[in-house]
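Report on the following structure.
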Amino acid sequence: MAIFLQLPLPPTRTIVFPNSSSTQLILRSPNFTRRVRCCCISEPSEVKSDEGASKLEYKPGPFDDFFMQSFRNKLVQEVGSDSEKPGYVGLIELVKLLLLKGRTRSETSDAAVRILKSLFPPLILELYKLLIAPIAQGKLAALMVARVTVLTCQWLMGPSKVNVIDLPNGESWDSGVFVEKCQYLEESKCVGVCINTCKLPTQTFFKDYMGVPLVMEPNFKDYSCQFKFGVAPPEDDGNVNEPCFETCSIARRRKLKSRECTMA
């Protein structure tokens with residue numbers, strides 16, 4: 001999302017965004033160049049692994065604790081109890097309770113959608129869907145939510161970055177978000193948690209309440225996930241019927257055959 005800063009500058013100036021996913025601004029005028037970095041927002045940086053491959057590294061931001069606590073409070077309200085465990089581990093325990101509480105897949109998904117809605121002032125969602133979503137066949141809205149997702153949700157997902165995706169009509173938009181290794185899935189070790197408390201409700205939330213189609217493509221082998229804002233989910237989405245992991249505590253608890261803890 002574009003961030004506009006008003007600073008006392010000489011009459012002639014330009015603002016250059018060297019990278020659409022960066023929070024760095026370069027302010028130029030005939031007399032000077034000023035760089036401004038929005039240090040209050042966390043962002044990923046790329047580091048080299050031992051093998052020399054580029055790997056994202058997430059640096060926590062000062063608002064991450066606030067985002068986590070807000071999300072946790074909404075989970076507690078929905079579940080009806082809190083976890084004794086602190087931090088992210090306790091958060092995942094609450095998410096698992098949310099999954100176990102739902103008698104059907106739709107009940108769990110509806111509860112997760114309610115949580116997502118409650119994190120936003122209602123007027124914001126209505127105005128976004130009414131005023132922003134229709135612009136340029138939805139492209140502006142898709143680009144904006146991709147950037148906001150990276151800026152505000154890495155505490156939940158792990159290192160991620162905006163990337164270019166292909167649309168069914170042949171166009172390419174930089175409205176994708178690639179999560180290198182989703183810690184939500186890695187920590188929960190449960191396909192059902194991923195599908196029913198994240199993928200399905202998140203897709204529903206963006207489409208129904210922000211007017212932005214979204215398909216999420218989790219990879220259950222390497223724990224990566226590709227968000228595609230501006231692309232609707234396929235009618236036959238094979239991800240939703242994936243069997244769960246051998247290590248899934250919920251599948252063992254329910255003693256389900258074929259580890260199908262994603263099935264209600």
Side-chain angles (χ1 to χ4, degrees), residues 1-5 14-28 35-48 53-59 61 63 67 116 120 124-125 127-129 131-184 198-199 202-219 222-234 237 239:
M1 179 181 292
I3 302 176
F4 298 94
L5 304 179
T14 59
I15 301 179
V16 180
F17 295 83
N19 188 316
S20 60
S21 62
S22 172
T23 57
Q24 178 175 275
L25 308 181
I26 303 176
L27 307 183
R28 290 195 177 97
R35 292 177 178 265
V36 180
R37 178 171 292 278
C38 300
C39 59
C40 62
I41 301 176
S42 56
E43 62 180 71
S45 59
E46 291 193 359
V47 297
K48 294 290 185 179
S54 180
K55 183 178 181 180
L56 289 175
E57 183 179 73
Y58 176 59
K59 298 179 180 179
F63 291 126
F67 292 144
L116 291 174
F120 294 82
I124 294 295
L125 296 177
L127 289 176
Y128 195 90
K129 184 175 181 179
L131 301 178
I132 306 299
I135 298 175
Q137 292 76 50
K139 183 175 182 178
L140 177 61
L143 267 62
M144 289 175 66
V145 294
R147 282 148 183 78
V148 171
T149 297
V150 169
L151 290 174
T152 61
C153 296
Q154 292 190 74
W155 65 269
L156 180 63
M157 307 180 303
S160 57
K161 63 181 178 181
V162 174
N163 65 350
V164 177
I165 60 169
D166 295 325
L167 276 65
N169 64 4
E171 293 186 49
S172 295
W173 294 356
D174 53 341
S175 60
V177 172
F178 180 71
V179 183
E180 189 173 83
K181 190 174 185 180
C182 180
Q183 64 177 353
Y184 190 81
C198 183
K199 174 182 163 64
T202 302
Q203 290 176 172
T204 298
F205 170 75
F206 276 102
K207 177 181 178 293
D208 292 351
Y209 297 100
M210 299 191 75
V212 181
L214 166 66
V215 62
M216 296 168 61
E217 300 174 343
N219 185 320
D222 64 9
Y223 294 174
S224 66
C225 186
Q226 177 67 60
F227 287 59
K228 295 182 177 180
F229 291 103
V231 179
D237 192 340
N239 274 326

- Message: So, applying side chain to side chain contact (heavy atoms under 4.5 Å, CB included) with Gln226, which one of Asn219, Val177, Asn163 is it?
- Response: Asn163
- Item | Distance in Å, Met216 CE paired with Thr202 OG1, rounded so as to fall on 0.5 Å steps | 5.0 Å
- Message: Measuring from atom CE of Met210 to atom CD1 of Ile132, what distance do you get when rounded to the nearest 0.5 angstrom?
- Response: 9.5 Å
- Task: Under the side chain to side chain donor-acceptor pair (under 3.5 Å) rule, collect the residues that match up with Lys181, sequence neighbours excluded.
- Result: Glu186
- Considering only heavy atoms from C-beta outward, does the side chain of Met157 approach that of Phe227 to under 4.5 Å? yes
- Message: As an exercise, state the distance from OG of Ser172 to CG of Leu167, rounded to the nearest 0.5 Å.
- Response: 7.5 Å
- Query: Nearest heavy-atom pair of Cys198 and Tyr184: which atoms, and what distance?
  - Reply: CB-CE2, 3.8 Å
- Message: Could you go through Asp174 and Arg147, starting from their C-alpha distance and side-chain angles, then the distance that decides it, and tell me whether this counts as salt bridge (charged side-chain N to carboxylate O under 4.0 Å, His left out)?
- Response: CA-CA 10 Å; Asp174 53 341; Arg147 282 148 183 78; 2.7 Å; yes
- Message: Please give me the minimum heavy-atom distance between Gly211 and Ala133, naming the atom from each residue.
- Response: O-CB, 3.8 Å
- To the nearest 0.5 Å, tell me how far Asp208 CG sits from Leu116 CG. 12.0 Å
- Note on the structure: Residues Thr149 and Phe229: closest non-hydrogen pair is OG1-CZ, 3.6 Å
- Task: Compare all side-chain heavy atoms of Pro213 with those of Val231 and state whether any distance is below 4.5 angstrom.
- Result: no
- Rounded to the nearest 0.5 angstrom, the CG-CD distance for Leu156 and Gln183 is 7.0 Å
- Task: Work out which heavy atom in Val215 is nearest to a heavy atom in Pro234; give both atom names and the distance.
- Result: CG2-CD, 3.9 Å
- Test item: Gln154 side-chain N/O and Val179 main-chain N/O as donor-acceptor pair under 3.5 Å: no
- Any side-chain heavy-atom pair of Val212 and Tyr128 under 4.5 Å: yes
- Message: Could you measure the distance from the OG atom of Ser175 to the CG atom of Leu140? Nearest 0.5 Å is fine.
- Response: 11.0 Å
- Which residues share a ring pair (Phe, Tyr, Trp, His ring centres under 6.0 Å) with Phe205, sequence neighbours left out: Phe120
- Message: The criterion is side chain to side chain donor-acceptor pair (under 3.5 Å); which residues satisfy it with Gln203, sequence neighbours excluded?
- Response: Lys199
